[in-house]
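Working notes, beginning with the structure itself.
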Amino acid sequence: MSQAVTVVTDSTAYLDAEEIRRFGVTVIPLQVVVGGRALDDVAEIDAEGVAGALRQWSPVSTSRPAPQRFADAYELAAAQGATGVVSVHLSAEMSGTVESARIAAADAIIPVEVVDSGSLAMGLGFPVLAAAWKARQGGTRTEVAQAARACAEATKSFFYVDTLEHLRRGGRIGAAANLLGSALSIKPLLHITQGTIAPLEKVRTSGRAIARLEDLAVRAAGDDPVDVAVHHLVAAGRAGTLADHLAKRIPALGRLRVVEVGAAVGVHVGPGMLGITIAPALTT
């Protein structure tokens, strides 16, 4: 028998296939447009594909899912016995995905609550998992949505990019725009706050930036149990080293994962990106 509440998210959560299957999460892909051709994130273009296009400075952009894709997902959930849906997505400040979900929710045949995570990657993925866990425990639609919101509010994300140019080209640079004038001489540390990308610190070398990223994550983790994700785009070696350091330095570490972001996020951060997301530990 299906659970009463179905959780829907989008492809920028970058959950692994086992988690998607285990929790019965429905994933709606964003689209990545390369050379005028629209491709589904993850399924039709991967991290290496978008990194190659970015290295060649080929025109690459992203597009939100059409409302019909959400409408189809909500209809399928109802057909499978769900009495409600909680749809959790990347920040509305970064994408129109939430808007598409809300348009579809307005005409859905079962109640749909749309949650703006205010983040992306595992800043979205951890709230989705919190919601899915609550749904599997038999939580109501309100309880499932609240689990997502509570996790999102407690989640912190920091990241480093080799260049701000990809964020500038994609229009996602936000308050970090004031770093552009010195972009050639600094390695920016950024964070996500109030749903937008904002500058955190300016560091002179990539080595110092990554060390500082590690320190910020350890401080943010504190002494309470936390789950941690280390993100990267075609920088698996550096991400693995960073994860090893965090495993030794965070005292109440729950699950630690290394996650390569997909094309839809990779378009905006560029090859070499490293990020860390810290969330309250989820016991499953």
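A salt bridge is defined here as a Lys NZ or Arg NE, NH1 or NH2 lying under 4.0 Å from an Asp or Glu carboxylate O, and Arg21 with Glu18 meets this definition. For Arg69 and Asp40, the salt-bridge test passes: some basic side-chain N is under 4.0 Å from an acidic carboxylate O. Remark: Arg257 engages Glu19 in a salt bridge, criterion side-chain N to carboxylate O under 4.0 Å. A salt bridge links Glu113 with Arg141: the distance from a Lys NZ or Arg NE/NH1/NH2 to an Asp or Glu carboxylate oxygen falls below 4.0 Å. Between Arg255 and Asp16 there is a salt bridge, since at least one side-chain N of the basic residue sits less than 4.0 Å from a carboxylate O of the acidic one.
In the displayed structure, Glu143 atom CD is contacted under 6.0 Å by more than 12 heavy atoms of other residues, nucleotides or ligands. Open room surrounds CZ on Arg208; 12 or fewer heavy atoms of other groups in view lie less than 6.0 Å from it.
Pro280 pairs in a side chain to side chain contact (heavy atoms under 4.5 Å, CB included) with only one of the listed residues (Asp224, Val226, Thr155), which is Thr155.
In terms of modelled atom types and a separation under 3.5 Å, the side chain of Ser11 and the main chain of Leu30 share a donor-acceptor contact. Between the Arg238 side chain and the Gly272 main chain, a donor and an acceptor come within less than 3.5 Å of each other. Checked by atom type and distance alone, the side chain of Asp10 never pairs as donor or acceptor with a backbone atom of Ile28 at under 3.5 Å. Put simply, the side chain of Thr9 gets close to the backbone of Val88: a donor and an acceptor are under 3.5 Å apart. Thr241 places a side-chain N or O within donor-acceptor distance of the main-chain N or O of Gly237, the cut-off being under 3.5 Å. Counting only distance, with no hydrogens or angles, the side chain of Glu260 and the backbone of Val234 share a donor-acceptor pair below 3.5 Å. A donor-acceptor pair under 3.5 Å is formed between the side chain of His231 and the backbone N or O of Met122.
The heavy-atom pair separating Ala92 from Val98 by the smallest distance is CB-CB, 4.2 Å. Val269 and Leu233 make their closest contact through CG2-CD2, 4.5 Å (heavy atoms, listed as atom of the first residue, atom of the second, distance). Residues Val261 and Ala121 come closest through the heavy atom pair CG1-CB, 4.4 Å. In this structure, Val85 and Ala77 approach most closely via the heavy-atom pair CG2-CB, 3.9 Å. Nearest heavy atom pair, residue Thr97 against residue Ser95, reads OG1-OG, 2.7 Å. Between Ile103 and Pro67, the shortest heavy-atom distance links the atoms CG2-CB, 3.9 Å.
Separating the NZ atom in Lys156 from the CG atom in Leu216 is a distance of 12.0 Å, to the nearest 0.5 Å. Between the OG1 atom in Thr26 and the CG atom in Asp72 there is a gap of 11.5 Å [rounded to 0.5 Å]. Within the model, atoms CD of Glu201 and CG of Leu213 stand 10.0 Å from one another, a figure rounded to the nearest 0.5 Å. A distance of 9.0 Å separates OG of Ser91 from CD1 of Ile197, quoted to the nearest 0.5 Å. Interatomic distance, Glu75 CD to Gln80 CD, rounded to the nearest 0.5 Å: 11.0 Å. Taking CG of Leu189 as the reference point, atom CD1 of Ile210 lies at 9.5 Å (rounded to 0.5 Å).
No side-chain heavy atom of Val86 sits under 4.5 Å from any side-chain heavy atom of Val8. Met94 places a side-chain heavy atom less than 4.5 Å from the side chain of Leu120. Contact of the Phe23 side chain with the Arg136 side chain is registered, since non-hydrogen atoms from C-beta on lie closer than 4.5 Å. Between Val7 and Val128 there is a side-chain heavy-atom pair separated by less than 4.5 Å. Taking the side chain as every heavy atom from C-beta outward, Thr142 and Val144 never approach each other to under 4.5 Å. A heavy-atom distance below 4.5 Å is not found between the side chains of Val34 and Val50. For the pair Ser61/Val267, no side-chain contact is recorded, criterion being any heavy-atom separation below 4.5 Å from C-beta on. Looking at Glu214 and Leu246, their side chains come closer than 4.5 Å, going by heavy atoms from C-beta outward.
In the model, Ser157 has a side-chain atom that pairs as donor or acceptor with a side-chain atom of Thr277 under 3.5 Å.
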Go through Tyr14 and Val265 one step at a time and tell me if the side chain to side chain contact (heavy atoms under 4.5 Å, CB included) criterion holds.
CA-CA 10 Å; Tyr14 299 122; Val265 170; 3.5 Å; yes

Step-by-step side chain to side chain contact (heavy atoms under 4.5 Å, CB included) determination, Leu124 to Thr12:
CA-CA 8 Å; Leu124 165 61; Thr12 66; 3.4 Å; yes

Can you check side chain to side chain contact (heavy atoms under 4.5 Å, CB included) on Leu190 and Val161, steps first, answer last?
CA-CA 8 Å; Leu190 307 166; Val161 292; 4.1 Å; yes

Could you walk me through whether Asp227 and Phe126 pass side chain to side chain contact (heavy atoms under 4.5 Å, CB included), step by step?
CA-CA 8 Å; Asp227 289 334; Phe126 283 132; 3.7 Å; yes

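Separation of the His89 and Phe70 ring centroids falls under the 6.0 Å cut-off.
No path of Ile, Leu, Val, Met, Phe, Trp and Tyr side chains, each step under 4.5 Å between heavy atoms, connects Ile20 with Tyr74, placing them in separate hydrophobic clusters. Linking ILVMFWY side-chain heavy atoms closer than 4.5 Å, directly or via other members, places Val25 and Val112 in two distinct hydrophobic clusters. Side-chain heavy atoms closer than 4.5 Å link hydrophobic residues (I, L, V, M, F, W, Y) into clusters, and following such links, even through other members, never connects Val114 to Val27.
The aromatic rings of His191 and Phe158 sit parallel to each other, their planes meeting at less than 30°, with 60° as the upper class boundary.
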